[in-house]
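Chain letters run A, B, ... following the sequence lines, proteins first and then strands; every chain starts at 1.
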Amino acid sequence: MTQSVKGMRDLWGTELAYFQFIERACHQIMESHGYQEIRTPIVESTDLFSRGVGSTTDIVNKEMYTFRDRSDRSLTLRPENTASVVRAIIQNKLLESNDPLHLFYIGPMFRYERMQAGRYRQFWQIGAESIGIASPESEVESIIMLFDFLTSLGLGDLSLSINSVGFPEERASFYVALKAFVKDREQAFCEDCRRRIEDNPLRVLDCKVSSCQTALTGHPEILNFLSNESQSHHEKFQKCLQSSRIPFLSNPKMVRGLDYYTRTTFEVLSSDLGAQSALLGGGRYDRLIQDLGGPPTPAFGWAIGLDRLVSLVMKKNISLPSKPRILLIPVGETMINDAFELARSLWADGHSVELETRGVPLKKSLSSANRKGHSHAFILGESEKAKGIITVKFLMTGKQEEWLLSEISSRILHI
RNA sequence: GCGGCUGUCGCCUAGUGGUUAAGGCACCAGAUUGUGAUUCUGGGUACCGUGGGUUCAAAUCCCAUCAGCCGCCCCA
């Protein structure tokens, strides 16, 4: 049998219901904050990502789904959405007015990676981008929205890690200092770190080996290498977070994997997610829009892994809002037209009702209603018709009531 | 990209060279045809992930492949 492509899964049933619950909450919160949805193509020119995400990142170097189309163009399934959103606002001239833009998106992303729990080759992200504002306050506005969103899902207790990575020209001297620091103490570090010093010095900072963490005591911190402007930006950001009562941890060791970040970066990890603990991440990207051919424009954004968010919400036993599920069962062939008539009037009133059309014995209908999780069965047979009523069976308790046909629509609201 | 583990009905598992692969849950059929879920009775629904190989004989051993899981790397 042909099966789905490795790392790409079908969503249905309970898990899909959680996806939809979260997507609805997302739309609601975004709209209340004035963010508008944007949908960009899933496929883009490969160079958008190599230029936008950064040609030295792992995402670009080993994780992209890149292929050639019939005209020999190099195309890539988007590994993230910020580069596409930036491309879209430049191409569609959304920045002409100089007014800030607030956009959000929900959609699938693709990265060619080794499979693990919580890591898929097609995964879903929800993201928000705040474009055209340089202030630390705009960052906090965006983060407040993010936390309102998480709180509405019952996940308000997550803790935010923040850092600032400054601008590229400010980072260079920090890299030199960090490399020198580690090299001076090379023997104190583990084998992995000795390798990391060469190919990814920042990664030494979050090594899990405790002796390495000890050896890092007094290591150079990136904040000390930033310009006065970047430092004061970061201070304002922290003060604003504090006065907004958003709990955070300043983490000078935090490293992010995308090249376009400038100044503020942040992320939220959750130990409930196992090895793939990253739930969301984001930051400022003041150079990306000009790097991709637009006018110099400051911007800030974040993205949440929707698959991981769903798995967290499900793990915390946060229950979905449940509505009554009604099955209308005509008893006997003569009642099917009456059942259609009743169902159509209930649908017209906006009620959610399913109709049994198989013509099977009542016993069978009730049995599958029970199995499929219906809460109520409406039984309509000759005897009900003669009395102008319907039998309402409560499948949880087994109790039955008789409702007048004329009262059904209003009584449904109270079950 | 590197290292390791796993793969038996819809789900969970037993079975580690020898008859027709076993059990639980689920499912299906019945217990006076308009009452499910509960009870009772009956039913096995599986080419043992796939393809090769070894053997008189393979779910079991070997190889390959696919998929999943775990660690590294990295990220959501």
Side-chain angles (χ1 to χ4, degrees), chain A residues 1-9 13 53-54 56-64 78-82 105-127 190-193 195-196 199-200 202-204 206-209 254-258 267-270 273-282 302-312 327 329-335 356 360-385 390-400:
Chain A
M1 196 211 99
T2 306
Q3 29 184 18
S4 64
V5 173
K6 185 185 180 100
M8 305 197 181
R9 63 206 183 113
V53 177
T56 65
T57 59
D58 275 17
I59 290 178
V60 168
N61 284 315
K62 57 174 204 182
E63 294 171 6
M64 292 211 300
R78 62 185 185 192
E80 59 104 55
N81 207 204
T82 298
Y105 58 83
I106 301 179
M109 310 296 157
F110 302 83
R111 292 184 199 171
Y112 192 93
E113 286 191 275
R114 191 70 174 266
M115 291 296 303
Q116 248 170 274
R119 175 197 279 170
Y120 306 100
R121 289 183 171 183
Q122 174 178 331
F123 60 99
W124 291 71
Q125 282 190 337
I126 292 178
C190 70
E191 204 177 309
D192 276 345
C193 281
R195 178 181 49 77
R196 288 185 183 116
D199 45 77
N200 196 350
L202 283 181
R203 280 289 155 197
V204 174
D206 59 1
C207 179
K208 291 162 194 89
V209 178
M254 196 185 86
V255 180
R256 306 232 75 239
L258 288 80
E267 66 186 17
V268 171
L269 309 181
S270 169
L273 290 170
Q276 305 309 315
S277 60
L279 174 65
L280 65 92
W302 47 260
I304 302 188
L306 184 49
D307 308 75
R308 292 180 187 177
L309 189 56
V310 165
S311 119
L312 262 189
L327 181 67
I329 308 169
V331 180
E333 280 175 39
T334 55
M335 296 307 296
E356 170 65 85
V360 295
L362 176 61
K363 176 186 264 216
K364 193 149 187 135
S365 295
L366 286 169
S367 174
S368 38
N370 182 63
R371 194 167 38 244
K372 285 172 66 189
H374 283 92
S375 56
H376 300 78
F378 285 7
I379 300 167
L380 182 59
E382 297 287 356
S383 59
E384 280 85 1
K385 188 181 182 183
I390 192 164
T391 298
V392 175
K393 186 175 185 78
F394 292 70
L395 293 170
M396 302 297 170
T397 61
K399 292 214 168 87
Q400 296 194 172

J.: If the condition is side chain to side chain contact (heavy atoms under 4.5 Å, CB included), which residues does Ser311(A) pass it with, not counting sequence neighbours?
T.: Leu273(A), Lys315(A)

J.: Per the atom types in the model, does the base of G68(B) pair as donor or acceptor with the side chain of Arg114(A) at under 3.5 Å?
T.: no

J.: Does the structure show Phe123(A) stacking with A76(B), if we require the centres to be closer than 5.5 Å and the planes to be within less than 30 degrees of parallel?
T.: yes

J.: Once each nucleotide of nucleotides 31-50 of chain B is scored for protein heavy atoms under 4.0 Å, what B/S/- sequence comes out, 5' to 3'?
T.: ---BBBS-------------

J.: With both distances under 3.5 angstrom, what nucleotide forms a Watson-Crick or G-U wobble pair with U35(B)?
T.: none

J.: How would you label the contact of Gly7(A) with the nucleic acid (heavy atoms, under 4.0 Å): base, sugar-phosphate, or nothing?
T.: sugar-phosphate

J.: Suppose you measure atom P in C69(B) against the same atom in A64(B); what distance do you get, rounded to whole Å?
T.: 23 Å

J.: Please name the residue in the list Leu306(A), Asp307(A), Leu312(A) that meets the side chain to side chain contact (heavy atoms under 4.5 Å, CB included) test with Val310(A).
T.: Leu306(A)

J.: Which whole number of Å gives the distance between the P atom of C9(B) and that of U13(B)?
T.: 11 Å

J.: Look at the side chain of Glu113(A) and the base of A76(B), then say whether one donor and one acceptor between them are separated by less than 3.5 Å.
T.: yes

J.: Met64(A) and Ile59(A): which non-hydrogen atoms are nearest, and at how many Å?
T.: CG-O, 3.1 Å

J.: Checking contacts here: which listed nucleotide (A76(B), C74(B), C69(B)) is nearest the side-chain heavy atoms of Asp58(A)?
T.: C74(B)

J.: For Asp58(A), give me all partners under side-chain hydrogen bond (donor to acceptor under 3.5 Å, both in side chains), at least two apart in sequence or on another chain.
T.: none

J.: A46(B) and A22(B): how far apart are their P atoms, nearest whole angstrom?
T.: 13 Å

J.: Please report the distance, rounded to the nearest Å, between CZ in Arg121(A) and C1' in A67(B).
T.: 11 Å

J.: Just the rounded figure in Å: distance from P of C74(B) to CD of Glu63(A).
T.: 10 Å

J.: Applying a 4.0 Å non-hydrogen cut-off, can you work out what Gly118(A) is touching in the nucleic acid: base, sugar-phosphate, or nothing?
T.: base

J.: Checking all strands, does Arg256(A) fall into the base, sugar-phosphate, or nothing category for heavy-atom contacts under 4.0 angstrom?
T.: sugar-phosphate

J.: Judged by each residue's nearest nucleotide on RNA chain B, which is more toward the 5′ side, Ala117(A) or Arg308(A)?
T.: Ala117(A)

